[in-house]
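See below for the structure under consideration.
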Amino acid sequence: MPEGHTIHRLARDLNAAFGGQKIHASSPQGRFEAGAAKLNAQICDEFEAHGKHLVGHFATGDVLHVHLGLIGKFRRAKGEPVGAVRLRLATADVNWDLRGPMVCDLGSPELADKVAASVGPDPLRPKANVDAFVAAMQRRRIAVGAALLDQKVVAGIGNVYRAELLFIAGIDPETPANALDESQVRDLWDLAAQQLRLGEKLNRIVTVDPALGGHKTPRSIPAGERLYVYKRQDEPCRVCDSPIELLKVAARKMWRCPNCQGSGATQHRSSKKKSPTKAHKK
DNA sequence: TACATATGATCAT
DNA sequence: TGATCCTATGTAA
């Protein structure tokens, strides 16, 4: 579930539910009992997101740090907690249940700064430092597909968005990060901001242009048609019909269209044997 | 029932 | 690069 858009949306929803209110906290599962006991009956000031990290501020100065990891979820719930609920935050009106987080810690105020400093610029944060992103990209020889997953390079992009963004940008994921033009890098940033913002708004990842499928809005695109390449190996590219390829980049699955993203590997059969590997637009 | 898989990240080798 | 942790879900057996 969780890439940066999820966490920003979560911060927003949790603020609506708990901001400025006295909350009830518990750990039905028991693995966060001490933390929950400290939080219980406190006033919640606000939640914020730094990439995939969620940070909650409480009136006494206590800071809650949550990272959902691969499988964590933090969702509204009704009735008694079911299953392994690490943390339940509640008011008289609503409950939110946290399960399976990679991180759920309570700390002092400086924890918030520590978390913020642990990641690179986050395109969803208003004061994000684009230049830091550009500099980080230009400093790395690793594949751009790997660089986008590095949270110190850019915070909030995960395996779905890296594949989708590079497709939209028409960039082969195996291109070295430092081989991109500065303008390409800046465009990538803008694209990431735009796509993640849409994801936050919809509370789901939708990257395809609705017009492609004859849809009115991104919201109206049916499941299974919302992404260009992610998990679509061997299926036809939504733009050019070439079969989508599956590859590994940074030890994770990656998908690309060999035609739209000029892999340099499999070009059209029509291209001569001696086709230049570096014929991309510059 | 069991196993594979998942939108993450860390640590060991 | 591989093992590992967290939990839920979908598919195979």
Open item on the list: Counting only side-chain nitrogens and oxygens, does Arg252(A) get under 4.0 Å of the OP1 or OP2 atom of dT7(B)?
Closed with: yes
- [ ] Just call it for Glu164(A): base, sugar-phosphate, or nothing, with non-hydrogen atoms closer than 4.0 Å on any strand.
- [x] nothing
Listing, residues 103-114 of chain A side-chain donor-acceptor contacts under 3.5 Å, not counting sequence neighbours, or none:
unit_1	atom_1	unit_2	atom_2	d
Ser108(A)	OG	Glu110(A)	OE2	3.2

TODO: Sort out the partner of dT11(C) for me: Watson-Crick or G-U wobble, both distances under 3.5 Å, none otherwise.
DONE: dA2(B)
Task: Spacing of the P atoms in dC6(C) and dT1(B) (rounded, Å) - done: 23 Å
Task: Separation of atom CD in Gln151(A) from atom C1' in dT7(B), rounded to whole Å - done: 11 Å
TODO: Could you list where the contact with chain A starts and ends along DNA chain C, reading 5' to 3', using a 4.0 Å heavy-atom cut-off?
DONE: dC6(C) to dA8(C)
- [ ] Using atom CG of Leu68(A) as one end and atom C1' of dA9(B) as the other, report the distance to the nearest whole Å.
- [x] 13 Å
Open item on the list: Measuring to OP1 and OP2 of dA9(B), would you say a side-chain N or O of His67(A) lies under 4.0 angstrom away?
Closed with: yes
- [ ] Measure the acute angle between the ring planes of Trp189(A) and Phe133(A), then classify it against the limits of 30° and 60° as parallel, tilted or perpendicular.
- [x] tilted
Task: Rounded distance in Å between the C1' positions of dT10(B) and dA8(C) - done: 22 Å
Open item on the list: Could you tell me how far apart Leu227(A) (CG) and dA6(B) (P) are, to the nearest whole angstrom?
Closed with: 14 Å
Open item on the list: I'd like to know if Asp190(A) and Arg186(A) make a salt bridge, using a cut-off of under 4.0 Å between side-chain N and carboxylate O.
Closed with: no
Task: Whole-Å gap separating C1' (dA9(B)) and NE2 (His50(A)) - done: 18 Å
Open item on the list: Taking only the C1' atom of each, what is the distance from dT1(C) to dT7(B) in whole angstrom?
Closed with: 22 Å
TODO: Return no unless some side-chain N or O of Lys52(A) is found under 4.0 Å from OP1 or OP2 of dA9(B).
DONE: yes
- [ ] Examine dA6(B): is either OP1 or OP2 under 4.0 Å from a nitrogen or oxygen in the side chain of Lys253(A)? Give yes or no.
- [x] yes
Task: Carboxylate-amine/guanidinium proximity below 4.0 Å for Arg75(A) and Asp97(A) - done: no
TODO: Take atom CG of Asp150(A) and atom P of dG8(B), then tell me their distance rounded to the nearest Å.
DONE: 13 Å
Open item on the list: Tell me the interatomic distance from Leu149(A), atom CG, to dT7(B), atom P, rounded to whole angstroms.
Closed with: 10 Å
Open item on the list: Check the phosphate of dT7(B) against Tyr161(A), side-chain N and O only, distance under 4.0 Å to OP1 or OP2. Yes or no?
Closed with: no
